[in-house]
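When reading the values below, keep in mind they use all heavy atoms of this one structure, side chains included, and skip hydrogens, waters and symmetry mates. In this chain, residues are counted from 1 in sequence order.
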Amino acid sequence: MPNNLASINEAFSTFEVHESKVRSYCRDFPVKIRHAKGSKIHSVDQQVYVDFFAGAGALNYGHNCEPLKEKLKAYLDNDGITHSLDFYTEAKEDFIQTFQEEILQRRGMKYKVQFTGPTGTNAVEAALKLARKVTKRSNVIAFSNAFHGMSLGSLAATSNPKKRQGAGVALGGVTFMPYEGYLGEHVDSIDLIARMLQPGSGVEAPAAFLIETIQGEGGLRCVSARWLQRLQALAHEHGALLIVDDIQSGCGRSGRFFSFEGMGVTPDIVCLSKSLSGYGLPFSMNLINPDHDVWEPGEHNGTFRGNNLAFVTAKAAIDTFWSAPAFERELQQKIVYLHSRLKALAERSSEYIPEARFLGRGFMCGIDVGSGEVASNISQAAFRAGLIVETCGVHGQVVKLLPALTIEYEVLVQGLDMLAAAFEQVIGIARYSEEKAA
């Protein structure tokens with residue numbers, strides 16, 4: 001790996017000269033990748049990295065997951081159609097049937113599926129449009145520290161000031177309200193929102209409430225089941241839809257397929273993307289309460305909403321993992337271990353950084369160290385040691401872990417040991433054995 005600015009510029013001169021300055025992840029992790037398998041990334045200079053990033057949550061089953069790759073190769077070898085807009089295809093039919101039977105019906109859910117454009121922001125845009133069409137209202141309520149995408153509609157519902165600044169235009173149609181805990185543990189934000197929806201507040205009646213049950217980019221804050229139930233009741237009281245953005249926290253990232261499972265709510269629309277294809281192939285989809293499927297044909301479309309390669313790998317992911325009860329049992333065991341290690345590390349770190357604390361759920365978790373500089377330094381120290389781990393939060397103050405759900409136990413241990421060493425290096429904590437307790 002290049003170890004100084006001059007050598008980095010030389011090694012990556014093609015990108016430096018010809019690619020836009022907007023690139024970001026490559027600046028934090030300056031490595032040229034040759035290949036990847038499972039939870040290991042291999043560079044052109046033969047460095048190996050443990051991947052706790054997983055394509056920002058788009059690779060829940062790791063890189064080049066073998067059962068998915070085999071199905072994809074067979075489909076391509078048989079000249080299966082790749083691009084088909086919204087034509088009927090065998091691959092789409094197989095995916096829809098499998099998703100309905102193995103995911104929705106097993107959970108007692110009844111939804112129509114809408115295939116949007118290929119990215120998560122396309123799913124959010126479609127959800128907002130549909131909610132406004134259903135309710136004939138324009139205002140949407142989003143939440144503090146939310147992130148929903150980078151196109152103008154979803155960006156309007158994103159709170160991060162740096163991201164919003166990039167729009168270059170006024171962003172409207174959204175009213176922000178406090179997420180659970182945003183105003184402190186002694187302020188009931190649902191009561192506050194209910195009060196703000198009363199006549200005379202100046203807040204327009206909403207078409208929808210748009211919520212992440214786990215805030216991915218916003219700092220790994222989570223809502224409780226009771227809070228989410230009350231939000232749904234409030235939405236229904238005011239004739240608004242409840243939209244759950246499960247783009248990063250869905251497809252198993254929370255420990256269950258949907259992040260809201262077991263929380264006693266039935267969202268009107270669910271946005272899915274990232275790991276939906278299971279293979280890193282662009283694929284987004286909305287689940288819609290059948291009563292709200294009021295689209296006119298062609299009213300919302302997109303050239304790349306029929307990614308048949310993604311249909312193939314998405315079905316394979318369900319068949320391979322979510323149809324096998326052992327997968328979820330093993331995932332829960334790994335979650336227990338991951339959380340125990342991180343909580344021990346956070347507790348030890350709090351002796352040196354009082355703000356340090358564990359945050360998140362499932363395999364979407366991390367440690368808030370109270371400072372973007374400290375978190376970045378930890379991430380960079382981990383990278384130098386061979387671990388890729390990102391940061392999040394409004395100030396970048398959270399060290400965020402997104403390991404593949406299928407990560408081998410020994411690789412998970414290896415990565416957590418590297419992370420602990422990075423914390424030690426940056427904040428001066430001593431190594432300790434109790435963090436390795438299962």
Polar contact flag, side-chain donor to acceptor under 3.5 angstrom, Ser189-Glu180: no
Verify whether the ring centers belonging to Phe29 and Tyr49 lie closer than 6.0 Å. no
Can you sort out the partners of Lys110 under side chain to side chain donor-acceptor pair (under 3.5 Å), two or more places apart, ordered by chain and number? none
Evaluate the side-chain proximity of Arg361 to Ser254: yes if any heavy-atom separation is below 4.5 Å, no if none is. yes
Begin from the C-alpha positions of Asn139 and Thr175 and carry the test side-chain hydrogen bond (donor to acceptor under 3.5 Å, both in side chains) through to its verdict. CA-CA 7 Å; Asn139 187 37; Thr175 301; 3.0 Å; yes
Compare all side-chain heavy atoms of Ile388 with those of Val50 and state whether any distance is below 4.5 angstrom. no
Atom pair CG (Leu59) and OG (Ser277), whose distance is rounded to the nearest 0.5 Å: 8.0 Å
Is there a side chain to side chain contact (heavy atoms under 4.5 Å, CB included) between Leu309 and Phe283? Walk through the geometry before answering. CA-CA 9 Å; Leu309 304 184; Phe283 184 20; over 6 Å; no
So, Glu328 versus Trp322: side-chain donor-acceptor pair below 3.5 Å or not? no
Are Tyr279 and Asn64 close enough that a side-chain donor and a side-chain acceptor fall under 3.5 Å? yes
State the CZ-CD1 distance between Phe95 and Ile318, to the nearest 0.5 angstrom. 5.0 Å
Do the ring centers of Phe311 and Tyr75 come within less than 6.0 Å of each other? no
Any side-chain heavy atom of Phe321 within less than 4.5 Å of one from Leu68? yes
Run the salt bridge (Lys or Arg N to Asp or Glu O under 4.0 Å) check on Asp51 and Lys40 step by step: do they pass? CA-CA 6 Å; Asp51 185 7; Lys40 296 286 185 72; over 6 Å; no
For the rings on Tyr182 and Phe143, is their centre-to-centre separation under 6.0 Å? no
Sole residue of Lys163, Lys162, Lys400 in salt bridge (Lys or Arg N to Asp or Glu O under 4.0 Å) with Glu217: Lys400
With a 6.0 Å cut-off (strictly less than), is the heavy-atom count around NZ of Lys112, excluding the residue itself, greater than 12? no
Report the distance from atom OG of Ser376 to atom NE2 of His395, rounding to the nearest 0.5 Å. 15.0 Å
Show the nearest heavy-atom pair for residues Ile288 and Trp295, with the distance to one decimal. CD1-NE1, 4.1 Å
Asn60 pairs by side-chain contact (heavy atoms from CB on, under 4.5 Å) with which of Leu405, Leu276, Thr406, Leu402? Leu405
CD1 of Ile269 to CG of Leu287, rounded to nearest 0.5 Å, is 10.0 Å
Do the side-chain N and O atoms of Asn308 and Thr82 include a donor-acceptor pair separated by under 3.5 angstrom? no
